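Here, residue 1 is the first one in the sequence, and each next residue gets the next number. These figures come from a predicted structure and were not determined experimentally.
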Amino acid sequence: MIHLDLIGIGTGNPDHLTVQAMRAMNEADLILLPRKGSAKSGLLDVRRTICDAVLTQPVRVVEFDLPTRDAGGDYIDGVQSWHGAIAAAWAAQIATHLPEGGRLALLVWGDPSLYDSTLRIAGLLIGGGMAIDIRVVPGISSLHALTAAHAIPLNQLADAVTITTGRLLRTHGWPPGAGTVVVMLDEGGAFEALDAQGIDIWWGAYLGMPGEALVAGRLAEVAETIIDLRSALRREHGWIMDVYLMRKSHGTADDRSGLSQVRR
């Protein structure tokens, strides 16, 4: 039996880890850290730093190469194929390092329940016949790190919030009935598909990390700033993780608090 702990680690700041997360890491027999190529080595470095800061027990930490997704062809088919390749990579590591079973921990960026595929990939292993018991340890999501960094509430009074992706925002536009929209997994500038008038935006990258970058303002005024800054940061770091929140403006002081800012 594999006891699989999916541990939310927040957005790269070791201080984001909960006591439960730290305990789970130290209870593990094995922690697997994915390598995503030299261009994204910073992501691996963050996980290494977290392990160095948290582990007080002799836990085995093993790095492995994560398969890459083929960006061509149908999106859903490509993602499903990629997930299958990742499941096979996990299975190979389990067979090598935990042949008799044990407790395996995976460090999941943000929270395992929110726009993350780790639970689905674990389900592929279970569907393939592997005996797995899953425990999810919640983490601080990028959504909550964003609202904390800008010191704003997630929702407006008695109003709806929609969480979506950059791909869907480009395809379908502003979600019907949403007063607030949070956009994740945007490859850059999906908000350009919107009529920017009357929309405010709060954007953040590398949230909670030393290189944290924040922009807030009227979308019509700061969209180009965000796109240029995002491009520069990606060149500088080799990778970027960002998220943003947009609201339809109502013109009140509370709605516009923290706007017209660029912070690094």
Side-chain angles (χ1 to χ4, degrees), residues 1-12 16-18 20-21 24-25 27-37 39-48 50-51 59-143 163-168 184-187 239 241 243:
M1 170 71 75
I2 296 295
H3 301 281
L4 176 60
D5 287 343
L6 304 180
I7 303 173
I9 60 171
T11 59
H16 284 180
L17 266 71
T18 64
Q20 184 186 16
M25 288 178 64
E27 290 174 349
D29 298 308
L30 173 69
I31 295 176
L32 289 178
L33 303 184
R35 289 190 296 255
K36 299 185 178 183
K40 296 184 177 180
S41 61
L43 293 170
L44 177 58
D45 290 340
V46 169
R47 286 182 167 91
R48 288 170 175 161
I50 288 173
C51 287
V59 178
R60 280 184 295 168
V61 179
V62 173
E63 298 175 7
F64 72 103
D65 292 323
L66 192 74
T68 57
R69 179 170 67 87
D70 183 357
D74 180 76
Y75 174 78
I76 298 297
D77 289 345
V79 170
Q80 290 177 339
S81 177
W82 179 46
H83 288 173
I86 294 173
W90 289 6
Q93 295 300 318
I94 291 170
T96 299
H97 300 288
L98 293 175
E100 303 301 323
R103 186 165 294 279
L104 168 63
L106 297 172
L107 307 185
V108 180
W109 208 267
D111 181 272
S113 70
L114 183 61
Y115 278 104
D116 183 86
S117 297
T118 312
L119 278 163
R120 295 184 186 90
I121 296 167
L124 293 177
L125 292 180
I126 294 171
M130 186 178 292
I132 297 179
D133 172 52
I134 298 176
R135 176 175 67 170
V136 175
V137 179
I140 294 174
S141 72
S142 60
L143 186 163
I163 304 171
T164 188
T165 66
R167 184 176 62 89
L168 291 175
M184 307 179 73
L185 303 178
D186 184 4
E187 294 184 357
W239 62 278
M241 285 194 177
V243 62

I50 side chain reached by L17 side chain, heavy atoms, under 4.5 Å: yes

For L4 and A122 the tightest heavy-atom approach is CD2-CB, 3.7 Å

side-chain contact (heavy atoms from CB on, under 4.5 Å) filter on L119, not counting sequence neighbours, yields L6, I134, V136

Hey, does S141 have a side-chain heavy atom less than 4.5 Å from the side chain of T11? no

Which donor-acceptor pairs under 3.5 Å do the side chains of residues 88-99 make with protein atoms, sequence neighbours left out?
unit_1, atom_1, unit_2, atom_2, d
Q93, OE1, H97, NE2, 3.3
T96, OG1, A92, O, 3.0

L33 and L107: CA distance, side-chain angles, deciding distance, side chain to side chain contact (heavy atoms under 4.5 Å, CB included) verdict: CA-CA 7 Å; L33 303 184; L107 307 185; 3.9 Å; yes

Minimum side-chain heavy-atom gap M1-H3 below 4.5 Å: yes

Mind jotting down which residue pairs meet the salt bridge (Lys or Arg N to Asp or Glu O under 4.0 Å) criterion with at least one end in residues 109-124? Sequence neighbours excluded, please. none

Could you tell me if the side chain of R47 sits less than 4.5 Å from the side chain of W109, heavy atoms only? yes

Is there side-chain contact between L104 and D29, with heavy atoms separated by less than 4.5 Å? no

Student check: side-chain heavy atoms of I7 and V108 closer than 4.5 Å: no

Just wondering, do I2 and D133 contact through their side chains at under 4.5 Å, heavy atoms? no

Does anything in residues 89-101 pair up under salt bridge (Lys or Arg N to Asp or Glu O under 4.0 Å), and if so which pairs, sequence neighbours excluded? none

Could you state the interatomic distance from NE2 (H16) to CD1 (I140), rounded to the nearest 0.5 Å? 4.5 Å

For the pair I163 and M184, evaluate side chain to side chain contact (heavy atoms under 4.5 Å, CB included) and give the outcome as yes or no after the intermediate values. CA-CA 8 Å; I163 304 171; M184 307 179 73; 3.9 Å; yes

Got a list of side-chain donor-acceptor pairs under 3.5 Å for residues 67-79, not counting sequence neighbours?
unit_1, atom_1, unit_2, atom_2, d
D70, OD1, G72, N, 3.0
D74, OD2, I76, N, 3.2
D74, OD2, D77, N, 2.9

From OG1 (T118) to NE2 (H83), nearest 0.5 Å: 8.5 Å

Taking only residues two or more places apart in sequence or in another chain, which ones pass side-chain contact (heavy atoms from CB on, under 4.5 Å) with S81? none

One should read off an interatomic distance between L124 CG and M130 CE, to the nearest 0.5 angstrom, of 11.0 Å

Return the set of residues passing side-chain contact (heavy atoms from CB on, under 4.5 Å) with V59 (not counting sequence neighbours), or none when no residue passes. A28, I31, L55, Q57

Who passes salt bridge (Lys or Arg N to Asp or Glu O under 4.0 Å) against R103, sequence neighbours left out? D5

Kindly indicate whether the side chain of Y115, heavy atoms from C-beta on, has any atom under 4.5 Å from the side chain of T165. yes

Could you list the residues that satisfy salt bridge (Lys or Arg N to Asp or Glu O under 4.0 Å) with E63, not counting sequence neighbours? R35, R48

Applying side-chain hydrogen bond (donor to acceptor under 3.5 Å, both in side chains), name anything that partners E187, two or more places apart in sequence or on another chain. none

Please enumerate all residues that pass side-chain hydrogen bond (donor to acceptor under 3.5 Å, both in side chains) together with S142, with sequence neighbours excluded. none

